[in-house]
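Each remark here refers to the structure printed beneath this line.
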Amino acid sequence: MPTFKAYKKKLKEAARDPKISVALERAIASFRKNVEEALTKFPHTLKMAEEVRGIKEQSISRMEELVDKACKAIRQNKGEAFVARTPAEALGIIEGIVGSGKLIVKGKSLTGEEIDLREHLEERGNEVYETDLGEYIVQLLGIKPMHLLAPAVHVPKEDVAELLSRVTGKKVPPDIEAEVATVRRILRDKFFRANIGMSGANVVAADTGTLFQIENEGNIRLSTAAPPVYIALIGMEKVVPTIEDAFKVAEVTWRYAGYTVPAYVNLVSGPSKTGDIEKVTTYGAHGPKEMYVIFLDAGRSKLAQDPVFKEALYCLRCGGCLYECPLFAVTAGRFGDKYFGGIGAIWTAFVTGELADAAPLTYSCLSCGRCKIRCPMAIDAPQMCLELRKRIAEGS
Ligand code: SF4
Ligand code: SF4
């Protein structure tokens, strides 16, 4: 986290950047319209959100037990599962599986961002491709994502065309369809040549060990299914008791993320298998032969014990609060580092283990309460920001 002075400078620069304001204005309008449509078409989602809040409360109070249960289920399904208490431990486990000199295709993962997963693997001599379109643009530009769900929300099509023309050595017009087709051509070959696929998960069912991934592009489906080895890095807070609970969490997540229904919901419970020849179960049919799941703690178990801040673990990462936040509307992803907005202040404090790291974020929250109104989990981020200020001032 930068110093206050550097942070303030970043905020001011972002607020004066016309590309950010135009992109955000469009994104906010379309997000609001999409959520409105999704909730109008499926009004039961409102009631279901209350139910999901109950599921999350129960899950966080039993987090360790449920993670243990999920690990056992994944092992029963012939996958391997680990609990990493620190980012270094998670990176060590992943490095042990990956080694070096590998080609890796990766789905967007905030937990991966949290521990600088891509950078770490690249430093060890691996070639890593982000496969989410926005994340791929951000990777090529060497900048950081601006939103949980829309990492390249601030990059206009003209800049994307210029970037892709440079990468391919051929003129790509500033036409979104042509740009999407170009990225599809570049990445298609990577999916099928990759040694390893990686992703996160939106929710995990402890009873079956099933990972749920909500997506539209199809890149997660390919990253988790095409390479021979699949690795998932997932925050411990994502585990819920049953597959029935997980379906509810997934449905509420995608509606509040602005989708009536997403193009894909992947359910992955173990490595690919077949019993088609003499009924002998053999692993590694068309999908990966090996599957590894790493559950990351990194401050989450401490957060779960905190009577005020544990609410932050109920976050579904729908991204809705950011689109309603007046500060985010003018500064985008400058209102944060890896985690954005008021909710991001709490996450920053706990995953870095240093409350003071979240000071710039928590002091820039306006306490307007708009994020809480939009939040499907009714998370009181403004109140938590005030409490965080108090604790930072007290040095506790
Ligand atoms: S309370 Fe803070 S984080 Fe929430 S919308 Fe207002 S300024 Fe943004
Ligand atoms: S705090 Fe609420 S609105 Fe914001 S991302 Fe999390 S669940 Fe969504």
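Residue indices begin at 1 and follow the sequence shown. Counting convention: from 1, in listed order, for ligands and their atoms alike.
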Out of Asp380, Val252, Leu316, indicate the one that has the non-hydrogen atom closest to atom 7 (S) of ligand 2.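 Minimum heavy-atom distance to atom 7 (S) of ligand 2 goes to Leu316.
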Applying salt bridge (charged side-chain N to carboxylate O under 4.0 Å, His left out), name anything that partners Arg32, two or more places apart in sequence or on another chain.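 Arg32 satisfies salt bridge (charged side-chain N to carboxylate O under 4.0 Å, His left out) with Glu324 once adjacent residues are dropped.
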Name all residues meeting the salt bridge (charged side-chain N to carboxylate O under 4.0 Å, His left out) criterion together with Glu89; count only those two or more places apart in sequence or in a different chain, and write none if there are none.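 Applying salt bridge (charged side-chain N to carboxylate O under 4.0 Å, His left out) to Glu89 gives none.
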Go through the steps to decide whether Tyr259 and Trp254 satisfy the test ring pair (Phe, Tyr, Trp, His ring centres under 6.0 Å), and finish with yes or no. CA-CA 5 Å; Tyr259 306 119; Trp254 78 60; 9.0 Å; no
Answer yes or no for Cys375: is there an N/O/S atom below the 2.8 Å cut-off from atom 2 (Fe) of ligand 2?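 Within the cut-off used here (under 2.8 Å), Cys375 does place an N, O or S atom near atom 2 (Fe) of ligand 2.
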Among the heavy atoms of Arg374, does any lie under 4.0 Å from an atom of ligand 2?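 Per 4.0 Å heavy-atom rule, Arg374 does not contact ligand 2.
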Ring centre gap for Phe247 and Phe212 strictly below 6.0 Å: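 Ring centroids of Phe247 and Phe212 are less than 6.0 Å from each other.
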How long is the gap from CG on Asn34 to OG1 on Thr260, to the nearest 0.5 Å?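 If we round to the nearest 0.5 Å, Asn34:CG and Thr260:OG1 are 7.5 Å apart.
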A side-chain contact here means heavy atoms from C-beta on lying under 4.5 Å apart; do Val293 and Glu80 qualify?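 Side-chain contact under 4.5 Å: no.
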Count, waters excluded, of protein N, O or S atoms under 2.8 Å from atom 2 (Fe) of ligand 1: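 N, O or S atoms of the protein closer than 2.8 Å: 1.
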Distance filter under 4.0 Å to Gly319 heavy atoms, resulting ligand 2 atoms: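 Checking each atom against Gly319, I get 5 (S), 8 (Fe).
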Residues two or more places apart in sequence or in another chain: which of them pass side chain to side chain contact (heavy atoms under 4.5 Å, CB included) with Ala285?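 Testing Ala285 for side chain to side chain contact (heavy atoms under 4.5 Å, CB included), a comparison that skips the adjacent residues, returns Ser272, Thr274.
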